[in-house]
Amino acid sequence: MVEWTDFERDTIKDIFSRIKYDVVGPAAFARCLVVYPWTQRYFGGFGNLDNAAAIKGNPMVSKHGTTIIQGLDRAVKNMDDIENTYTELSVLHSEKLHVDPDNFKLLADCLTIVVAAQLGKEFTGEVQAAFQKFLAVVVSSLGRQYH
Amino acid sequence: MTTLTAKDKQTVKAFWAKVSGKSEDIGASAVARMLVVYPQTKTYFSHWQDQSPNSPAARKHGKTVMMGVGDAVTKIDDLKEGLKELSQLHAFTLRVDPANFKILSHNILVVMAVMFPTDFTPEVHVSLDKFLAAVSLALAEKQGQEDPGVGVNLFRVTPARN
């Protein structure tokens with residue numbers, strides 16, 4: 001089980017109470033598709049992903065971005081048991097979606113960048129450390145059921 | 001790893017022109033974040049009396065790093081050749097595990113997002129990410145090659161003076 005300090009718990013809850021899910025989710029997911037173009041391989045059915053403008057304006061991208069961050073919300077609400085919270089999602093990503101788990105880290109990095117842009121100076125080194133620790137636990141939990 | 005396209009180079013140069021005035025702050029913030037978020041990187045700075053993230057030594061190092069980045073922008077058409085001396089420094093004198101270049105690059109990108117949220121678009125992000133990866137590769141170039149040994153002045157590493 002992961003140990004969280006009070007600062008880390010408060011920071012994670014604070015960040016997720018402040019960010020707009022329907023802005024941050026789509027922005028982070030779109031950024032991931034642009035910055036790491038091989039991630040587009042999983043979204044063949046999403047229509048036009050030809051360039052950054054197309055990706056940003058794509059309604060399926062936006063919708064999926066929101067879905068992703070709503071999934072993260074489950075981890076925020078269950079910080080003491082993220083591993084079990086994500087068992088089914090891990091199986092889904094492995095067995096059905098066949099996603100290389102390395103991609104989870106790429107998306108996590110894009111989330112960090114987007115949240116940093118939203119929070120500006122308040123995204124201090126300590127806040128960044130807490131956020132990245134949280135995302136690392138999420139990423140690890142999502143990869144856990146792969147075999 | 002993909003090579004930098006003409007568009008990447010143009011994007012990097014244009015973005016650098018916008019942000020280079022703040023390069024000291026960018027560097028200081030990136031190094032501070034690296035020391036806080038990835039504490040294992042402090043092992044390279046055990047010679048600093050004060051290893052805290054906002055110490056004068058850390059700030060100075062941030063400035064040094066960004067001067068190197070700025071130099072790399074001017075040598076963007078041939079990073080391997082242009083960063084030869086810095087590569088020797090990092091490989092033979094500093095002996096930095098190249099994985100750490102990725103860590104510092106990530107923190108530079110985070111700082112760009114914090115300081116320039118509107119300008120640091122996904123398009124700029126991808127070009128800058130590729131550029132920093134290319135710089136990191138050039139810096140790691142000399143690893144595994146023979147140490148040139150005596151006669152090569154590894155300390156004459158100065159950024160381009162314009």
Side-chain angles (χ1 to χ4, degrees), chain A residues 5 7-8 11 15 19-20 23-24 26-40 49-58 61-62 65 102 105-136, chain B residues 1-3 5 7-8 11-12 15 19 22 25-42 51-55 58-59 62 99 102-133:
Chain A
T5 64
F7 172 80
E8 285 165 348
T11 297
I15 290 175
I19 59 174
K20 290 203 178 103
V23 169
V24 167
F29 180 51
R31 197 169 276 258
C32 186
L33 295 172
V34 170
V35 179
Y36 309 108
W38 55 90
T39 56
Q40 293 170 24
L49 299 177
D50 286 351
N51 51 53
I55 290 170
K56 277 188 272 190
N58 185 315
V61 169
S62 294
D102 191 60
K105 184 165 191 314
L106 302 179
L107 182 54
D109 282 350
C110 287
L111 263 160
T112 301
I113 299 273
V114 169
V115 168
Q118 285 259 296
L119 300 184
K121 284 211 168 68
E122 290 179 40
F123 196 68
T124 62
E126 288 79 5
V127 168
Q128 181 183 342
F131 190 62
Q132 289 195 203
K133 178 178 168 180
F134 170 75
L135 290 178
Chain B
M1 203 203 69
T2 53
T3 48
T5 63
K7 185 155 189 284
D8 286 326
T11 303
V12 167
F15 184 68
V19 310
K22 292 250 187 316
D25 287 338
I26 295 170
S29 187
V31 166
R33 279 172 197 279
M34 181 185 76
L35 297 171
V36 168
V37 182
Y38 303 90
Q40 70 273 18
T41 57
K42 288 193 289 192
Q51 287 192 339
S52 64
N54 297 303
S55 66
R59 275 204 76 91
K102 208 162 185 258
I103 290 175
L104 184 52
S105 297
H106 169 71
N107 285 296
I108 291 172
L109 295 176
V110 170
V111 170
M112 295 303 187
V114 167
M115 288 177 67
F116 309 99
T118 341
D119 291 306
F120 193 60
T121 61
E123 294 91 324
V124 168
H125 180 167
V126 61
S127 294
L128 195 59
D129 184 54
K130 288 168 75 177
F131 169 69
L132 290 174

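Each chain gets a letter, A, B and so on, in the order its sequence line appears, and its residues count up from 1.
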Once rounded to the nearest 0.5 Å, what's the spacing between atom NZ of A/Lys56 and atom OG1 of B/Thr121? 5.5 Å
Contact between B/His106 and A/Asp109 at the side-chain level, heavy atoms closer than 4.5 Å - yes or no? yes
Who passes side chain to side chain contact (heavy atoms under 4.5 Å, CB included) against B/Val19, sequence neighbours left out? B/Phe15, B/Trp16, B/Ile26, B/Met112, B/Phe116
Which one, B/Val111, B/Val126, B/Leu109, B/Val36, leads in non-hydrogen pairs under 4.5 Å with chain A? B/Val126
Would you say that A/Gln132 contacts B/Arg33 through its side chain, given a criterion of any heavy-atom pair below 4.5 Å between the two side chains? no
Return the minimal non-hydrogen interatomic distance between B/Val110 and A/Gln128, and the atom names on each side. CG1-OE1, 3.7 Å
My understanding is that only residues two or more places apart in sequence, or in another chain, count here; which of them pass side chain to side chain contact (heavy atoms under 4.5 Å, CB included) with A/Ala54? A/Asn48, A/Asn51
So which atom in A/Ala129 and which in B/Val37 form the shortest heavy-atom distance, rounded to 0.1 Å? N-CG2, 3.8 Å
